[in-house]
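Following: one structure in structure tokens, then a few remarks.
The structure displayed is predicted, hence computed values, not measured ones. FYI, side chains are in, hydrogens and waters are out, and symmetry mates aren't considered; it's all heavy atoms of this structure. Nothing fancy with the numbering, it's 1 onward along the sequence.
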Amino acid sequence: MFFHIVLERNMQLHPRHFGRDLREKLVSKLMKDVEGTCSGRHGFIVAITGIESVGKGLIRDGTGFVTFPVKYQCVVFRPFKGEILEAVVTMVNKMGFFAEAGPVQIFVSNHLIPDDMEFQSGDVPNYTTSDGSVKIQKESEVRLKIIGTRVDATEIFCIGTIKDDFLGVISDPGTNA
């Protein structure tokens, strides 16, 4: 799920960046340092949408660097248990498959794949129904449900299932649709 929140961060800036465009340098450094990162508490920071305030700088003794407290608005992505996501399959093996929904990697165990689908090894490993009508392979798009999450300091891991109504393959790269 996506959220628009306000976060705060202390930014260090080298004295060579001081001048008329100090604020622009701070904002560009903030975007470079923060966008695309993950905090376990808030989720993946997708984009900075605005700067609320830049506090007064504090000079660091001995280095000349200045630390500015910056309050900014951003869009974050944080998956929750029970959420339905659309993801792209990145790897298939006999244990299940891995899929990515944006920055989140989701593992779907073979126990959480419908019983009528069996693993087929070969050049392109996949899960196929007995009649061959549905196939899950690398680059397939699937709709899945998150049944568990584990949050670390800098990463979020998810377990998903496609063993439920209206879940499964959305598009198959093997067919030209």
For Glu52, does the CD atom sit with more than 12 other heavy atoms under 6.0 Å from it, leaving out its own atoms? yes
So, the side chain of Ser109 versus the backbone of His111: is there a donor-acceptor pair under 3.5 Å, distance only? yes
Residues, nucleotides or ligands: over 12 heavy atoms within 6.0 Å of Ile170 CD1: yes
Would you name the heavy atoms of Gly64 and Pro15 that are closest together and state the gap between them? O-CG, 3.1 Å
Per the side chain to side chain contact (heavy atoms under 4.5 Å, CB included) rule, which among Val104, Thr149, Ile156 passes with Arg78? Ile156
Can any side-chain N or O of Thr161 pair as donor or acceptor with the backbone N or O of Leu112 at less than 3.5 Å? yes
Under 4.5 Å between any side-chain heavy atoms of Asn126 and Ile136, yes or no? no
Decide if atom CZ of Phe80 counts as having more than 12 heavy atoms of other residues, nucleotides or ligands within a radius under 6.0 Å. yes
Apply side-chain contact (heavy atoms from CB on, under 4.5 Å) to residues Lys32 and Lys29 and explain how you reach the verdict. CA-CA 5 Å; Lys32 191 179 107 204; Lys29 185 174 180 352; 5.6 Å; no
Out of the candidates Leu22, Val27, Leu26, only one should pair with Val54 under the side chain to side chain contact (heavy atoms under 4.5 Å, CB included) rule; please name it. Leu26
With a sphere of 6.0 Å drawn around CE of Met95, does it hold more than 12 non-hydrogen atoms of other residues, nucleotides or ligands? no
Are Leu58 and Phe68 close enough that some pair of their side-chain heavy atoms sits under 4.5 Å apart? no
For Asp61, look at atom CG and say whether over 12 heavy atoms of other residues, nucleotides or ligands are found less than 6.0 Å away. no
Hey, is Asp152 close enough to Arg150 for a salt bridge, meaning N to O under 4.0 Å? yes
I'd like to know if the side chain of Asn10 and the backbone of Thr67 have a donor-acceptor N/O pair within less than 3.5 Å. no
Closer than 3.5 angstrom, by distance alone: can the side chain of Thr154 be matched with the main-chain N or O of Cys38 as a donor-acceptor pair? no
So, the side chain of Glu100 versus the backbone of Thr90: is there a donor-acceptor pair under 3.5 Å, distance only? no
Nearest heavy-atom pair of Lys135 and Ser140: which atoms, and what distance? O-OG, 3.8 Å
Provide the closest heavy-atom pair for Ile106 versus Gly160 in the form atom of the first, atom of the second, distance. CG2-N, 3.7 Å
Note, Glu139 side chain near Val88 side chain (heavy atom, < 4.5 Å): yes
Give me the one residue out of Glu8, Met11, Arg9, Lys56 that meets side chain to side chain contact (heavy atoms under 4.5 Å, CB included) with Pro69. Glu8
Quick note, ring pair (Phe, Tyr, Trp, His ring centres under 6.0 Å) partners involving residues 19-45, not counting sequence neighbours, are none
Is it the case that atom NZ in Lys163 sees more than 12 heavy atoms from other parts of the structure closer than 6.0 Å? yes
Side-chain (Glu118) to main-chain (Thr129) donor-acceptor, under 3.5 angstrom: no
Looking at every non-hydrogen atom in both residues, tell me the closest pair between Arg60 and Thr63 and how far apart they are. CB-OG1, 3.3 Å
Correct closest heavy-atom pair for Cys74 and Thr49 would be N-OG1, 3.9 Å
Which pair of heavy atoms, one from Leu144 and one from Ala99, lies closest together, and at what distance? CD2-CB, 4.4 Å
Take the angle between the ring planes of Phe107 and Phe98 and call it parallel below 30°, perpendicular above 60°, tilted in between. tilted
Listing request: all ring pair (Phe, Tyr, Trp, His ring centres under 6.0 Å) pairs with a residue in residues 117-162, at least two apart in sequence or in separate chains. Phe119-Tyr127
